[in-house]
Amino acid sequence: MVIQKEKMNKKRSFLRTAAAYPHMVWSALFIVAPLIFVLYYALTTEDANGNFQFSWSNITALAGENYLPVFFRSICFAIVATAICLLLAYPLAYFLSKCKVSSQRMLIMLVMLPMWMNLLIRTYSWMNILETNGLINNLLTTLGLPNAKLLGNGAAVVLGMVYNFLPYMIMPIYTVMSKIDPRYLEAAADLGCNGRQTMLRVVFPLSVSGIISGITMVFVPSVSTFYISQKMGNGRFEMIGDTIERQFMSNYDYHMGATLSLVLMVLIIICLAVMNRFGEEDGGVLV
Amino acid sequence: MKILSRVYMALIFLFLYAPLIIMVLFSFNEANSLSNFTGFSLKWYEELFQSEEVLDVLYNTLILALLSSLIATVIGTAAAVGIEKMRTRWLKSTVNTISNMPMMNPDIVTGISMALLFAFAMKLFNMESIFGFWTVLIAHVTFNLPYVILSVVPKIRQMDRYLPEAALDLGCTPLQSFFKVELPAILPGVLSGFVMAITLSLDDFVISYFNTDGDFQTLPIYIFGMTKRTVTPDIYSLSTLLFAGVLLMLILSNLLQSHAEKKEQQRANAMRRQARRKTEGGRK
């Protein structure tokens, strides 16, 4: 009887894990295989007959002057945008966590809402605001001031990134801050901390994990974007994403495109690993 | 301090909403201009609904969103059930890591990796073109899957794990136990996963862009094409509609969620009351 029951249980649990098989097959076909193809295309070139040949030439081309400045620029823009997002989001997340609990949910919805407008449109709308005969310049003209050139410079690209990805920074920081026990703050005050010290020694250390996930969530899309830099920078600031898009959509050089995507992936894996490392260390200190 | 924080919050919200307000406003503009508002009119919306191309694209987008979310929800829910039951640690974590990859990877990498797979398949089978509806559908299912799994798994964990066992012991077949006992318990998670998948699919540009040809267009791809030409306010009315659609889905999913929470709360309260009555009865 017992043995029979055990057999049945085994059969049942087998049946249940089998429910995951379609997903596993799907993932193997459409997640793992494509990533292997990225590697495969990156390490091959095409000869005149359309046959693939193994070659390092794509990888070595990366170090050339065509691509190095692009990488450097992408990383710089992404770092600047991430830093600005952090500076803007941190106080906001703190203030949000101090609001009445009933209104917090509503405010958070309001933070997330613009994200559901298509990114292309959000960016385009900024172009309208900043254009030579756009809204801001119209306003300047009516005030009798000279027009300003606001589009097509680095600041505009950074603005586009900050605008589009700011909610990704606000959300995780807010989430950890809203979980900080208010009694900690009272205890800090009772033990003689002033406002600034409480902030530095209690609130900040407790929010590091949120900051770290916010940084990764902003950095990854910023470094890989291709639309924002094209539109806000008038095509003057080519980033990795733009180069990849060009290789695929106009040069039809899939091999170079794959190589660049590979670099992007490696870059992001490194970034995530470093961030996880920070997160762990911090966790260790806290416990 | 309080005033400072209010002002700061207001400024950030202004920053977040300025482009949206401008977009909605100018979609009602009378003149063909995106910088001078001359008067209110619905003519851009009218024009939109007279254009066969736009209606075509709208139809594509909706079919794609519904179908891909449906497939992702079925596969993803089954997967969540299966993954939760897995005993082998490394297998479980490997499956989880792989299925989360489309979420971690930048869209452009996900899009390109799939495009390479399809391009290779095309070469292998000597096909003219493989890109179009089916490739975009596969891509959308793939990036929707992790979100469905992530919204179903917590519900499975919350569920009393003896429930399906009880059903089986009472003579249900495993399939019956799933559909009659488990599915109702995890339904809120399944539904919110489905709605999430629809919104993501409606909104996606990058991944679709690399996995389609010129013939099959979705709304974001169409909008991208429009921003390359001279732009007229109809693009704004189109986006306003898209936004309204997504907004509707979000409100729906929120309502579903709060409804489920309320029910849960009521049940917990009822149980607590019952327990109290029992202890009071014992004291007497």
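No hydrogens, no waters, no symmetry mates; every other heavy atom, side chains included, goes into these values. As the structure is a prediction and not an experimental result, all values here were calculated from the model. Residue numbering restarts at 1 for every chain, and letters A, B, ... go by the order of the sequence lines.
Of the two parts of B/Leu247, only the side chain, counted from C-beta on, holds a non-hydrogen atom closer than 4.5 Å to a non-hydrogen atom of chain A. Only the side chain of B/Ile108 comes within contact range of chain A, judged by heavy atoms closer than 4.5 Å. Only the side chain of B/Phe205 has a heavy atom closer than 4.5 Å to any heavy atom of chain A. For B/Ala80, no part sits under 4.5 Å from any heavy atom of chain A, backbone or side chain. Both the backbone and the side chain of A/Met117 come within less than 4.5 Å of a heavy atom of chain B. In this structure, the portions of A/Phe30 lying under 4.5 Å from any heavy atom of chain B include both its backbone and its side chain. Looking at B/Lys2, there are no atoms closer than 4.5 Å to chain A (heavy atoms on both sides), in backbone or side chain. For B/Phe143, no part sits under 4.5 Å from any heavy atom of chain A, backbone or side chain. Of the two parts of A/Leu35, the backbone and the side chain both hold a non-hydrogen atom closer than 4.5 Å to a non-hydrogen atom of chain B.
Here B/Asn105 is the residue among B/Asn105, B/Val74, B/Thr240 with the most heavy-atom pairs under 4.5 Å with chain A.
Residues A/Tyr227 and A/Asn164 have side chains that never bring a donor and an acceptor to within less than 3.5 angstrom of each other. With 3.5 Å as the limit, one finds a donor-acceptor pair spanning the side chains of A/Thr243 and A/Glu238.
A ring-centre distance under 6.0 Å is found for A/Phe37 and B/Phe120. Side-chain rings of A/Phe165 and A/Phe219 stay apart, their centers remaining 6.0 Å or farther from each other.
Taking each heavy atom of B/His140 and B/Ser208 in turn, the nearest pair found is NE2-OG, 2.9 Å.
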